[in-house]
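In the text below, chain A, chain B and the rest are named by the order of the sequence lines, each starting its count at 1. Only heavy atoms go into these numbers, but all of them, side chains included; no hydrogens, no water, no symmetry mates.
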Number of protein chains: 2
Amino acid sequence: MQQTGTPNHFKAAVTVDNVIFGFDGKSLKVLLIYRGAEPFKDRWALPGDFVPLDENLNQSAIHVLRSLTGLDNIYMEQVHAFGDVNRHPFGRVFTIAYYALIKVEDYQVQASSWAEEAAWFPINEIPELPFDHMEILEFAKQQLRNKIRTQPIGFELLPKHFTLTQIQELYEAVLEREFDTRNFRKKLLSMNLISETGYRQTDVSHRPAMLYKYDTKRYNRFLERGFSFDI
Amino acid sequence: MQQTGTPNHFKAAVTVDNVIFGFDGKSLKVLLIYRGAEPFKDRWALPGDFVPLDENLNQSAIHVLRSLTGLDNIYMEQVHAFGDVNRHPFGRVFTIAYYALIKVEDYQVQASSWAEEAAWFPINEIPELPFDHMEILEFAKQQLRNKIRTQPIGFELLPKHFTLTQIQELYEAVLEREFDTRNFRKKLLSMNLISETGYRQTDVSHRPAMLYKYDTKRYNRFLERGFSFDI
DNA sequence: AAGCATATTGTAATATTTACAGCAAATCAC
DNA sequence: GTGATTTGCTGTAAATATTACAATATGCTT
């Protein structure tokens, strides 16, 4: 109980694993990679990597995300640390799980070593995952649900301009329940977090919907006053 | 990005640090220990220890709590993992923070090596803490606040029999705001989670209050039906 | 021009939250 | 034992938020 630390203690490894969420307008998706090395070679798994000894934990999570997607400035949150003795076949490996929210439109399958090794899976069609990745995914889903109900993070998953129907479908996909359209819009608009862009949908074979954008300034103003977003 | 793990990766240490909350009827308190070894010898700090290579992470947190308080079956939750490169002077040490809620009445300063080495500090009178323990404490406080508003965990901090005034003061101490007595009681009682014991306070120099107890059965019944506790 | 598909909007009933104050019951001091 | 003191205990009305519910609007297709 002294936290002195004997040489014997410095024998663990730490990884980060990322649950990368995307939304394609229909269902919530997760980005998985096809493992090219042991253990669990040729299996779909959460993207992750060892944390180098000279890199901060959070930075490591950002690094994994960037090397996979090329994206920067992405919304990320730590989910949980997992550290059962036998969770990794090669030794004592702790992992810290993060989730990230990305706009699918911004994500290009990189013309790189990753080109054919990453794919989006609908949240309800996830293959069997190695390690404790299934458990990690469950934790991440639950945390996303809790968060999206009280903080306006849904916008991180949507294009810059979006319709009210799109955001409703996002909330329905994440929370796995339906909302009444009139009530949902009433509440969302009353929060004054989004505003009309003045543009409308094009290339749809029906009445085009108004496009909205998320208004960061207003959100920050509300945050300062102590504001509760709840949907 | 392969999670293969070279020998070079297995050079980190992992600790757990516990934020142990108690409530004495007046203010929220945290149990700190007086460090007897380097680094930061003779400083107050959060109780913690290295995670042995053959012990599960969660088990390790429970272990730290038991060896300090002698208590078992305690409410604990993981808070966050901290892993900045230089957070520990002796090497790369990750820490996983937990918080625990204990009934102060059950905690006896152990007639052990810990006897004079642990003390309760009011949440607003915490001395300067070593490592990143201040940050850890802030995370734990915030998580406790979030949790206590939506799950009936407040009871973990109260004696088996308590008055409505006590539970209100607990909520006021944790959430750092005041509640209207009538409204607070109305809402709490309407949840049907507590019931009268039939006993009253004794040894008070004023009208004695009715003693209540937490009704676990009812809570479990509600949980199954999908129940939302919100105060 | 008619049909199709999705977008958009309001109202009434109900439930929840908030604001607010006076009497009750036990001990204490004299 | 009487009055003072301290904390316990309780209800109602107004305001606000939530829920349930369906008809019209608009652009495109044929």
Side-chain angles (χ1 to χ4, degrees), chain A residues 24-27 148-150 152 158-159 161-173 175-213 222 225-231, chain B residues 23-27 148-150 152 158-159 161-173 175 177-213 222 225-231:
Chain A
D24 64 357
K26 209 66 194 167
S27 74
I148 208 175
R149 287 198 323 112
T150 53
L158 292 170
H161 290 184
F162 52 86
T163 68
L164 296 182
T165 300
Q166 282 172 340
I167 192 168
Q168 182 175 346
E169 279 168 349
L170 166 61
Y171 272 83
E172 291 180 340
L175 297 175
E176 290 181 344
R177 72 192 186 90
E178 297 190 345
F179 292 94
D180 174 87
T181 305
R182 277 168 293 193
N183 294 340
F184 183 87
R185 289 173 179 222
K186 209 185 311 175
K187 183 148 188 185
L188 188 64
L189 291 172
S190 76
M191 289 171 181
N192 285 318
L193 291 175
I194 66 178
S195 51
E196 295 188 358
T197 60
Y199 301 103
R200 297 172 165 278
Q201 273 181 319
T202 54
D203 300 323
V204 290
S205 69
H206 53 79
R207 174 176 176 178
M210 176 67 72
L211 289 167
Y212 288 80
K213 65 182 176 190
F222 275 122
R225 293 189 209 160
F227 171 66
S228 153
F229 176 95
D230 209 329
I231 207 154
Chain B
F23 180 68
D24 65 357
K26 209 66 194 168
S27 75
I148 207 175
R149 287 198 324 112
T150 53
L158 292 170
H161 290 185
F162 52 86
T163 68
L164 295 182
T165 300
Q166 282 172 338
I167 192 168
Q168 181 174 348
E169 280 169 349
L170 167 60
Y171 273 83
E172 290 180 339
L175 297 176
R177 73 192 186 88
E178 298 191 344
F179 292 93
D180 174 85
T181 304
R182 278 168 295 191
N183 294 340
F184 183 87
R185 289 173 179 222
K186 208 185 312 174
K187 182 148 189 184
L188 188 64
L189 291 172
S190 76
M191 290 172 181
N192 285 318
L193 291 175
I194 66 178
S195 51
E196 296 188 355
T197 60
Y199 301 104
R200 297 173 163 278
Q201 275 181 318
T202 53
D203 300 321
V204 289
S205 70
H206 53 79
R207 174 176 176 178
M210 176 67 70
L211 290 167
Y212 287 80
K213 64 182 175 190
F222 275 123
R225 292 188 211 161
F227 170 67
S228 152
F229 176 95
D230 209 330
I231 208 154

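Checking B:K186, B:R185, B:K187 one by one against B:N183, the side-chain hydrogen bond (donor to acceptor under 3.5 Å, both in side chains) holds for a single residue, B:K186.
The closest donor-acceptor contact from the side chain of B:Q166 to the backbone of B:G25 lies at 3.5 Å or more, if one exists at all. Without hydrogens or angle criteria, B:T197 side chain to B:K213 main chain gives no donor-acceptor distance under 3.5 Å.
Within the structure, a side-chain polar atom (N or O) of B:K187 is placed less than 4.0 Å from OP1 or OP2 of C:dT17.
Distance A:F184 CZ to C:dT8 P: 13 Å, rounded to the nearest Å. The distance between atom CZ of A:R177 and atom C1' of D:dT19, rounded to the nearest whole Å, is 12 Å. The separation between B:D203 atom CG and C:dA26 atom C1' is 13 Å, rounded to whole Å. As rounded to whole Å, 7 Å separates atom P of C:dT8 from atom CE of A:M210. For the pair A:R182 CZ and C:dA12 C1', the computed distance is 12 Å after rounding to whole Å. Regarding A:D180, its CG atom lies at a distance of 12 Å from the C1' atom of C:dG10, rounded to whole Å. One can place CD of B:Q166 at 13 Å from P of D:dT7, the figure rounded to the nearest angstrom. When the C1' atom of D:dG11 is taken as reference, atom CG of B:L189 falls 14 Å away, rounded to whole Å.
Among the heavy atoms of the strands lying under 4.0 Å from B:T165 are primed sugar atoms or P, OP1, OP2 only; no base atom is included. Using a 4.0 Å heavy-atom cutoff across all strands shown, A:K186 reaches at least one base atom of the nucleic acid. A:R200 comes within 4.0 angstrom of no nucleic acid atom, judged by non-hydrogen atoms across all strands.
The side chain of A:H206 lies closest to C:dT6, out of D:dT18, C:dT6, C:dC20. Each of C:dG10, C:dT9, D:dG27 was ranked by its minimum atom distance to the side chain of A:N183; first place goes to C:dG10.
A parallel orientation is assigned to the rings of A:H161 and A:Y199, their planes being inclined by less than 30° (bins at 30° and 60°).
Checking B:S205 against A:Q201, the closest nucleotide of DNA chain C that is more toward the 5' end is the one next to A:Q201.
Interface remark: the B:R207 side chain does not form any donor-acceptor pair with the C:dA25 base, using a distance-only criterion of under 3.5 Å.
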B:D180 vs B:Q168, side chain to side chain contact (heavy atoms under 4.5 Å, CB included): CA-CA, chis, key distance, verdict: CA-CA 9 Å; B:D180 174 85; B:Q168 181 174 348; over 6 Å; no
